There are 2 protein chains.
Amino acid sequence: MNVTGHTRRPASIRDVASAAGVSYQTVSRVINGHPSVKHSTRERVLAAIDELGFRRNATALALASGRSRAVTVLTANTTHYGYASILQGVEEAARAASYAVGIGVLESAEEAAVAAEVRRAADAGGGLIVIAYDPAGVGALAAVPAELPVVGVVETPAAPPGGDRPWVWTDDREAAHAVTRHLLSLGHETVHYVAIPSSTRRTSARTTGWRQALREAGAPEPRPLQGNWGPAGGHRAGRKLAQDPSVTAILCGNDDLALGVLRALHENGRSVPGDVSVAGFDDAPHSAYLTPSLTTARLDFTGLGRAAFALLHGVLEQSAPIAPHRVSVPELVVRESSGPPPAHV
Amino acid sequence: MNVTGHTRRPASIRDVASAAGVSYQTVSRVINGHPSVKHSTRERVLAAIDELGFRRNATALALASGRSRAVTVLTANTTHYGYASILQGVEEAARAASYAVGIGVLESAEEAAVAAEVRRAADAGGGLIVIAYDPAGVGALAAVPAELPVVGVVETPAAPPGGDRPWVWTDDREAAHAVTRHLLSLGHETVHYVAIPSSTRRTSARTTGWRQALREAGAPEPRPLQGNWGPAGGHRAGRKLAQDPSVTAILCGNDDLALGVLRALHENGRSVPGDVSVAGFDDAPHSAYLTPSLTTARLDFTGLGRAAFALLHGVLEQSAPIAPHRVSVPELVVRESSGPPPAHV
DNA sequence: CTGAAAGCGCTTACAG
DNA sequence: CTGAAAGCGCTTACAG
């Protein structure tokens with residue numbers, strides 16, 4: 001708001017300049033913290049900025065400087081707990097750094113659709129963070145042109161990620177391994193697995209960690225069941241598993257799947273953990289309040305989002321290159337849904 | 001990608017112009033669908049665009065035209081089901097209209113912090129959608145300068161919203177009324193209420209609908225309990241209610257609160273719905289899979305988000321002014337958690 | 001320490 | 001139907 005009460009057009013650096021009695025380049029120097037400005041003129045410019053309520057036009061800044069203090073998160077989903085939490089972490093870190101954050105949703109994994117979304121995200125300017133936990137995300141990460149700054153949030157890579165692009169991950173392979181070991185240590189002969197959709201045609205990191213734990217224990221390796229993302233998928237898989245009396249322990253690719261499995265077991269008269277132990281993945285907010293409360297692996301998704309932004313920020317501000325890295329080690333959370341197998345098995 | 005394989009600088013309209021042998025204004029006309037361009041030159045320009053992989057620079061477009069095909073969603077939260085779903089709805093509609101979508105999180109309801117976030121959102125250019133379900137959101141909506149295009153996603157307004165700004169809402173007052181009536185019709189003497197934080201100092205629309213139903217039935221009006229947003233708040237409130245044997249029906253401000261209440265009742269040995277009926281609000285994805293599955297009011301949050309964008313789009317494109325309106329009527333979903341009161345009460 | 005010029009990639013009148 | 005000019009609000013060298 002200026003003195004005359006006119007709020008039509010926001011104040012520009014020229015308005016500030018004339019109010020302060022300097023040229024607009026000097027205003028530019030002040031707002032950019034350039035050192036070579038006389039103290040007294042700086043004070044006058046600052047006063048004018050304050051009086052006119054001047055805010056530097058981000059669009060003009062982006063066009064003139066070629067940099068844009070913006071990040072776009074590309075994701076297949078915004079409502080699932082893990083995805084939403086990563087987005088939250090990115091937003092927190094971006095806000096702290098005065099970056100704008102945009103989102104783009106990959107509604108389909110179809111190549112042309114993914115490419116179109118990547119182009120849209122690129123049009124926004126700034127950097128990209130791609131959540132590559134599913135085929136659409138993996139496709140998007142691959143479709144990002146080489147010259148664009150991008151950070152991938154990925155599953156635990158099978159091998160140390162090569163390439164030149166920064167990636168972050170939590171060690172969900174290790175987490176799956178730990179939860180499976182927990183269940184085996186309770187005395188279960190083996191652990192069945194209801195999988196989330198894998199990010200590629202190959203098996204996911206969670207599946208790998210689960211299988212590895214079984215092998216180390218010399219336990220039989222049942223075929224993983226495909227479960228989708230939500231409780232409905234878990235419910236379908238759970239119905240099948242509930243039919244099989246030899247099933248005494250089930251690991252689920254996420255807590256939503258586990259919820260569906262719990263429900264299916266209940267409907268089929270199998271008690272948890274009396275007859276069957278169930279464990280999930282993620283430690284979603286509701287998991288501690290279910291009955292029975294859910295044993296799970298807690299993943300630090302917001303920390304992952306913050307780390308992804310930090311990495312991207314480093315790339316954009318041309319600081320020292322930062323290597324891909326594991327952000328955190330998941331934590332096993334043992335609750336009511338896991339226990340020893342029934343005696344009669 | 002251009003023919004020579006140089007991908008350094010993206011093609012500009014000048015590059016396209018020289019490739020097509022026309023002036024860059026003609027290119028501008030073609031990409032803006034201006035009618036007065038000879039068919040043959042349009043074809044040549046289009047071919048050049050295709051060949052050079054030209055994409056119009058959104059930043060330059062915004063600066064030159066003063067319009068920016070962008071919307072920023074301002075919200076206190078991105079992970080709760082309702083909020084995340086509204087965001088999803090906005091994104092869907094925005095994507096369909098080729099708008100970029102940004103998000104800004106209101107981490108605090110403190111006035112200066114809210115004002116700063118609103119300024120940041122305004123800096124992004126384009127329009128604003130403010131989710132005003134809580135004090136931070138309500139404060140943000142109020143802090144948006146008059147000249148900025150904005151749509152509020154609000155609770156059911158007490159009176160037909162005056163003012164000049166478009167608002168959308170689902171009728172959660174009516175929904176609370178319906179769920180309360182449902183519980184009373186089962187024979188409960190009254191219905192207790194665990195509230196979500198109200199958007200203002202006054203009571204929320206949900207509280208109002210609940211109270212109205214009790215009055216119409218001549219039922220006693222217990223004091224609402226404050227529950228926060230998540231299951232932890234519901235759990236605290238539920239522990240108190242579980243102590244009171246006269247409590248036979250509990251309505252919760254959302255499904256997460258209901259989850260915490262269910263857990264507290266279980267821990268205190270009160271069965272649902274045998275001893276106590278519980279109902280929620282929202283129909284979150286997990287609610288159908290809880291044991292007992294949750295009676296609730298289904299709200300169309302993604303539809304709300306889409307409607308908010310449609311309204312904003314209308315404002316930005318200067319079409320006919322669109323009045324604030326109710327987007328949809330919530331639907332009562334009766335599941336296992338509600339039933340008649342125990343006979344002995 | 002400060003000012004005048006050119007330019008970022010577009011659009012919007014203004015000519016012809 | 002098409003081209004030349006001015007300008008959106010800044011930054012980035014270039015002068016002095």
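Keep in mind that this is a model prediction, so the values were computed, not measured. Residue numbers begin at 1 in each chain, while the letters A, B, ... track the order of the sequences.
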Quiz item: How far apart are the C-alpha atoms of A/F301 and B/T79, what are their side-chain angles, what is the distance that settles it, and do they pass the side-chain contact (heavy atoms from CB on, under 4.5 Å) test?
Solution: CA-CA 12 Å; A/F301 288 115; B/T79 57; over 6 Å; no
Practice problem: In whole angstrom, give the distance that lies between atom NE2 of B/H34 and atom P of C/dA13. | Solution: 12 Å
Quiz prompt | Side-chain donor or acceptor of A/R69 paired with backbone N/O of A/A97 under 3.5 Å | solution =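 Here the side-chain-to-backbone pair exists.
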Quiz item: Is a donor on one side and an acceptor on the other found under 3.5 Å between the side chain of B/R306 and the backbone of B/A93?
Solution: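 It does not hold such a pair.
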Quiz item: Pick the nucleotide of DNA chain D nearest each of B/H39 and A/N32; which residue has the one closer to the 5' end?
Solution: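 Nearest-nucleotide comparison on DNA chain D picks B/H39.
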Quiz item: For A/S36, which contact category applies under a 4.0 Å heavy-atom criterion: base, sugar-phosphate, or nothing?
Solution: base
Practice problem: Report which part of the nucleic acid A/R67 touches: base, sugar-phosphate, or nothing (heavy-atom distance under 4.0 Å, all strands). | Solution: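 Here A/R67 touches the backbone only, sparing every base.
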Exercise. Evaluate side-chain contact (heavy atoms from CB on, under 4.5 Å) for A/V16 paired with A/I31, printing each intermediate quantity in order.
Key: CA-CA 11 Å; A/V16 172; A/I31 60 184; over 6 Å; no
Exercise. Ignoring backbone atoms, test whether B/S28 places a side-chain nitrogen or oxygen under 4.0 Å from the OP1 or OP2 oxygen of C/dT11.
Key: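 Affirmative; the distance criterion is met.
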Quiz item: For A/T26 and C/dC1, is the shortest distance between a side-chain N/O and OP1 or OP2 below 4.0 Å?
Solution: no
Nucleotide N/O of nucleotides 5-9 of chain D paired with protein N/O under 3.5 Å:
| from | atom 1 | to | atom 2 | distance (Å) |
| --- | --- | --- | --- | --- |
| D/dA5 | N6 | B/Q25 | NE2 | 3.4 |
| D/dC8 | O2 | B/A64 | N | 3.3 |

Quiz prompt | Side chain of A/S23 (C-beta onward), nearest among C/dC1, C/dG3, C/dT11 | solution = C/dG3
Please list each protein N or O that sits under 3.5 Å from an N or O in nucleotides 14-16 of chain D, with the distance.
none

Exercise. Would you mind reporting whether A/R95 and B/E117 have side-chain heavy atoms less than 4.5 Å apart?
Key: yes
Self-check item: Electrostatic pair A/K38:A/E43 at N-O distance under 4.0 angstrom
Solution: no
Minimum-distance pair of heavy atoms, taken over all atoms of [X] and [Y]:
X: A/A308; Y: A/V153; value: CB-CG2, 3.9 Å
X: B/G104; Y: B/T72; value: N-CG2, 4.2 Å
X: A/A70; Y: A/Y99; value: N-CD2, 3.3 Å

Quiz item: What stem regions, each of at least 3 consecutive Watson-Crick or G-U pairs below 3.5 Å, can be found for DNA chain D?
Solution: C:1-3 with D:14-16, C:5-12 with D:5-12, C:14-16 with D:1-3
Self-check item: Sole residue of A/V144, A/I129, A/L74 in side chain to side chain contact (heavy atoms under 4.5 Å, CB included) with A/V150
Solution: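 Of the listed residues A/V144, A/I129, A/L74, the side chain to side chain contact (heavy atoms under 4.5 Å, CB included) partner of A/V150 is A/V144.
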Quiz item: Hey, is CZ on B/R67 packed in by over 12 heavy atoms from elsewhere, all under 6.0 Å?
Solution: no
